[in-house]
Amino acid sequence: MLLIRCPYCEQDRPELEFRNMGEAHIARPTFSEAITDEQWEGFLYTRANPKGLIAERWRHIHGCARFFNAVRHTVTDKFVMTYKQGELKPDLKALADKLAAAAPVNKEARP
């Protein structure tokens, strides 16, 4: 079972207490007559699906019930960090580089 840290409760809690609410930091387009159907469709349905780190919005539904953001690795499902709603999105590229530099090197890897 995954443990997820709620930045408001400041506790690691089981994943069953949380719900993923999708990609974080998505700007809603301004409503006007100028917005096209394609732009509206893109806002509603098009999301990044990277192999690696992604910023997601989560909710601690069986705890404080608050929304927060998390950086999660989509391959390993490991949570790298969580942060409160309204805080700036971390630089995912720099964070990925930092994690790669800290990863142990497999010296027995085959050429």
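Scope of the values below: all heavy atoms of this structure, side chains included, with no hydrogens, waters or symmetry mates. Treat the numbers as computed from the prediction; the structure is a model and nothing was measured.
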Within the 6.0 Å centroid threshold, strictly below: F67 and Y8: no
Just checking Y45 against W40, ring centres under 6.0 Å apart? no
Measure the shortest side-chain to side-chain distance between [X] and [Y] over non-hydrogen atoms and say whether it is less than 4.5 angstrom.
X: R57; Y: H25; value: no
X: F43; Y: I26; value: yes
X: I54; Y: V71; value: no
X: R59; Y: F68; value: no
X: L95; Y: M81; value: yes

May I have the step-by-step check of side-chain contact (heavy atoms from CB on, under 4.5 Å) for E10 and R5, ending in yes or no? CA-CA 7 Å; E10 297 183 355; R5 182 161 192 84; 3.9 Å; yes
About how many Å separate [atom2] of [Y] and [atom1] of [X], when rounded to the nearest 0.5 Å?
X: E23; Y: N49; atom1: CD; atom2: CG; value: 9.0 Å
X: I4; Y: E17; atom1: CD1; atom2: CD; value: 9.5 Å
X: D77; Y: H73; atom1: CG; atom2: NE2; value: 10.5 Å

Apply the test side-chain contact (heavy atoms from CB on, under 4.5 Å) to residues R72 and K78: give CA-CA distance (whole Å), side-chain angles for both, the deciding distance (0.1 Å), then the verdict. CA-CA 6 Å; R72 182 179 64 86; K78 179 182 177 188; over 6 Å; no
Smallest heavy-atom separation, T82 atom then A70 atom, equals CG2-CB, 3.9 Å
Provide the closest heavy-atom pair for G42 versus R47 in the form atom of the first, atom of the second, distance. O-NH1, 3.8 Å
Option passing side chain to side chain contact (heavy atoms under 4.5 Å, CB included) with P7 (candidates Q85, K84, E87): K84
Check the orientation of F18 and H60. Use parallel for under 30°, tilted for 30 to 60°, and perpendicular for over 60°. parallel
Do I61 and W58 sit in the same hydrophobic cluster, where Ile, Leu, Val, Met, Phe, Trp and Tyr count as joined when their side-chain heavy atoms come under 4.5 Å apart? no
Residues, nucleotides or ligands: over 12 heavy atoms within 6.0 Å of L44 CG: yes
Derivation and outcome, side-chain hydrogen bond (donor to acceptor under 3.5 Å, both in side chains), residues E56 and N69: CA-CA 6 Å; E56 298 175 319; N69 295 321; over 6 Å; no
Show your working on side-chain contact (heavy atoms from CB on, under 4.5 Å) between L16 and H62 and close with a plain yes or no. CA-CA 8 Å; L16 299 173; H62 295 296; over 6 Å; no
